[in-house]
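To start, the structure under review is shown below, and the notes come after it.
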Amino acid sequence: MSEIKIRKRNRLQSVSLPAEIIINLLVGGFALLCILPFIFVIIISFSSEESIRLIGYSFRPLEWSTAAYKFVFDMGSQLWISYFNSFFVSTVGTLISLLMCVLYAYALFRKDFKYRKFFTFFVFFTMLFGGGLAPTYMVCKQMLGLSDNYAALIVPALVNPFFIIIMRTFLQTSVPTELIEAASIDGSGEYNTLFRIIIPISKPGIATVALLTVINYWNDWFLAMLYIREPKFYPLQYLLMKAQNQADFLIKNSSVIGVEATKLLRDLPGTSLRMSLVVFIVVPIACAYPFFQRYIISGLTIGSVKG
Amino acid sequence: MGEAKNKRKNRKKTLMLLTMVAPVSIWLILLRYIPMAGIVLAFKQYKVYTKAPSLINNIVHSNWVGLGNFKFLFASSDTLLILRNTIGYNLLWIALGVVISVSLAIMLNEVRSKFAAKTYQTLMFFPYFISWVVVSYFVMALLDPTSGLIVKAQLAGGGEATNWYHDYKPWPVILTLSNLWKNMGYQTILYLAAITGIDKTQYEAAAIDGAGKWQQIWHVTIPNLRSMVIILLIMDLGKIFNSDFGLFYSVPQNSGSIFRTTQVLDTYVYRALMNSQKIGMSTAASLFQNTVGFILIMIANTAIRKIDPDSALF
C-alpha cells in the first residue's frame with residue numbers, strides 16, 4: 001500500500017449534485033481551516049508594528065511591512081544558531097536512529113534468529129511500561145551526562161519502538177524469505193545481505209521511517225526543555241517557545257551590545273517578529289511534506305493497525 | 001555440508017544478528033530499563049546525599065516513606081481534578097474523533113474530482129506535521145490579550161474581552177478544538193486508506209440489489225470499517241490515562257491560573273519534577289499512570305484478540 005488511490009467510480013454510482021456540493025463545502029471547508037491559521041500567521045508576520053498596535057492581528061493589516069524579516073536577517077544571530085541546531089540534530093539524529101532501527105528490525109524480521117522472541121519482547125515491553133519521567137530524566141542527566149550538549153537533544157529520541165515495528169512489518173511484507181535463504185546459500189554474510197540486498201529493495205519502508213524520525217526531531221522542544229539551559233544549544237522549536245513570553249529574547253543573545261542594542265530593542269518589531277519565527281519553522285515542513293505524504297501515510301497505516 | 005560446519009555457520013549467524021540488535025538493546029537498557037529501577041523513588045523521600053552526591057547514593061540514602069507519596073497524592077483535591085481532566089478529555093476526544101473522522105473520510109471518498117480530493121487530503125494533513133508550540137502561536141493569534149483576532153472582535157462588538165489565558169472556563173472548548181484541528185485530518189486519511197481498500201465488488205453487488213448511495217455507505221462502508229474502528233477505540237481506551245503533553249502544556253502557555261481545566265496527569269508529572277522538585281510525587285504519579293495503563297492495555301489487547309486475532313498487539 002504505497003499510495004491512496006481515489007477509487008474510480010462510474011458516474012451513475014456517484015452522489016447527487018446537491019449532495020456533492022455539500023460534501024465539497026464541508027470537506028473543503030475543513031481542509032481550508034487546516035491551513036488558515038498558518039496563512040494568518042504569515043499575514044501577521046508581514047504586518048507593520050503600527051498596524052498591529054492599532055487594530056491587532058488582522059487578515060487585512062493597515063500597512064504591510066517586512067521589518068520583522070529584515071530584523072531577523074540583520075540581527076537574528078540566535079535564530080541562525082537555532083536553525084543550525086535544529087538542522088544538525090535532525091540530520092545526525094535521523095541517520096543514527098535509522099541505522100539502529102534498520103539493524104534491529106532486520107534481526108527481528110529474521111525468522112531463523114535464535115533470540116527473536118526475546119528481542120521482540122525486549123523492545124515491545126518498553127511501549128507498555130516505563131519508569132516514568134522523573135527516573136528517566138535523572139538517569140539521563142546525572143548518569144549519562146545529557147545536559148547542555150547536542151547529545152541531550154539526540155540520544156533520548158534515538159529509539160522509537162513504534163518505528164522498529166513499522167520497519168519490521170515493512171520487511172515482512174516486502175522481502176521474500178527465499179531471498180534471504182538464497183543469499184545465505186551463496187555465502188553472503190548477514191551484514192552483506194542486509195546492506196547489499198535488503199536495504200536497496202526496502203527503500204519505501206526506510207523512507208517512511210526516516211521521514212517520521214526527521215519530523216520528530218525537527219518538532220522536538222520537550223528534550224530542550226528538559227536538558228538545555230544554554231541558548232547556544234536551543235533548537236528552533238524551543239527558541240519559539242521561549243520567545244512566546246520574551247520577544248526580546250532574540251536580541252538579548254545577539255552580538256550587538258551597548259547603545260545600538262538599546263536602540264534596536266526600542267525599535268523591535270516584537271509581535272511580527274515572533275510570527276516570522278513561526279514562518280521560519282513551518283516553511284521547510286510545509287514545502288516538503290506534500291511530496292513525502294504518501295510514504296508517511298503508508299507507514300502510519302501499518303502503524304495504526306499493528307503498533 | 002557437514003553437520004559441524006553447519007553448526008558453526010549457524011553460530012556465526014546468531015552472533016552477527018546479535019551485534020545488530022546490540023545498539024538498540026544498549027539504548028533500551030540505559031534509557032528504559034535502568035530508569036524502571038528508579039521506580040523505587042515513588043516510595044522514597046528523595047534527598048541529595050551530601051557526603052557523596054551521586055544518583056545512586058542519593059537514592060540509596062533517601063528515606064523510605066512507604067506509600068506516603070501515594071497517600072499524599074490521592075488525598076489532594078487537585079488530584080481528583082487532574083484525573084477528571086485526563087479521563088474526561090480522552091473520552092470526549094475519542095468519541096468526537098471517531099465520529100468526525102469517519103464522516104469526513106466517507107465524504108472525502110465521494111469527492112468526484114481527483115484533483116480536489118488530493119488537495120483536500122494534502123491540506124488536511126498539514127496540522128499533523130506541526131509542533132504544538134507552533135499551534136500555540138496559532139491559538140495566540142486568536143486569543144492574545146492585546147492583539148488577538150477574537151479579542152479584537154469582542155471589543156469591536158462593544159463587549160468586554162475575555163481574559164482567555166486567565167479564565168479557566170473556556171479551556172475545555174479551546175483544547176478540544178485545538179486537538180480536533182491537529183488530529184482530525186490525519187485520522188481521516190487513515191480511515192480513507194481503509195475505505196479505499198474495500199473490495200469494489202461489494203459495492204457493485206449492493207448496487208445491483210438496488211442499494212442507493214446512503215444504503216451502500218450504511219451496509220458496505222461502515223461494516224467494513226467496524227473492526228478497525230473498534231480496535232482503535234479499544235487501544236485509545238487503553239491509553240486513557242495518557243495525554244498529549246504538548247497540547248496541555250504549550251497551548252495554554254503554561255498559565256497557572258487555568259490549571260483547573262488544563263492540568264492532566266502528564267503535565268502534573270512534569271511540573272512536580274521540574275517546577276517543585278517533588279521527585280517522589282512525580283514518580284508516584286507516573287507509576288500510578290503506567291501501572292493502570294499497563295493493566296488497561298492488557299485488557300484491551302485481550303478484547304481485541306477476541307474480535308480480530310490478527311489485529312492484537314501481542
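Throughout, protein chains are lettered first and strands after them, A, B, ... in sequence-line order, and every chain is numbered starting at 1.
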Return the minimal non-hydrogen interatomic distance between [X] and [Y], and the atom names on each side.
X         : Y         : result
Phe113(A) : Thr14(B)  : CE1-O, 4.1 Å
Asn219(A) : Ile130(B) : ND2-C, 3.9 Å
Pro135(A) : Pro35(B)  : CB-O, 3.3 Å
Ala141(B) : Met275(A) : CB-CE, 4.2 Å
Met100(A) : Val24(B)  : O-CG2, 3.4 Å

Contacting region of [X] [heavy-atom separation from chain A under 4.5 Å]:
X         : answer
Met16(B)  : both
Ile59(B)  : neither
Leu155(B) : neither
Ser25(B)  : both
Asp144(B) : side chain

Is there a side-chain contact between [X] and [Y] in this structure, where contact means two heavy atoms from C-beta onward sitting under 4.5 Å apart?
X         : Y         : value
Val159(A) : Arg32(B)  : no
Phe126(B) : Val282(A) : yes
Tyr249(B) : Phe222(A) : no
Tyr137(B) : Ile44(A)  : no

Within the distance-only criterion (no hydrogens, no angle test), does the side chain of Trp181(B) pair as donor or acceptor with the backbone N or O of Leu33(A) below 3.5 angstrom?
yes
Is the backbone N or O of Thr122(B) less than 3.5 Å from a side-chain atom of Tyr289(A), with the two atoms forming a donor-acceptor pair by type?
yes
Within a reach of under 6.0 Å around CZ of Phe195(A), are more than 12 heavy atoms found that belong to other residues, nucleotides or ligands?
yes
Salt bridge present between Glu190(A) and Lys13(B) (N-O < 4.0 angstrom):
no
Heavy-atom proximity to chain B below 4.5 Å, by part of [X]:
X         : answer
Val139(A) : both
Gln142(A) : side chain
Tyr106(A) : side chain

Answer yes if the ring centres of Tyr33(B) and Phe122(A) are under 6.0 angstrom apart, and no otherwise.
yes
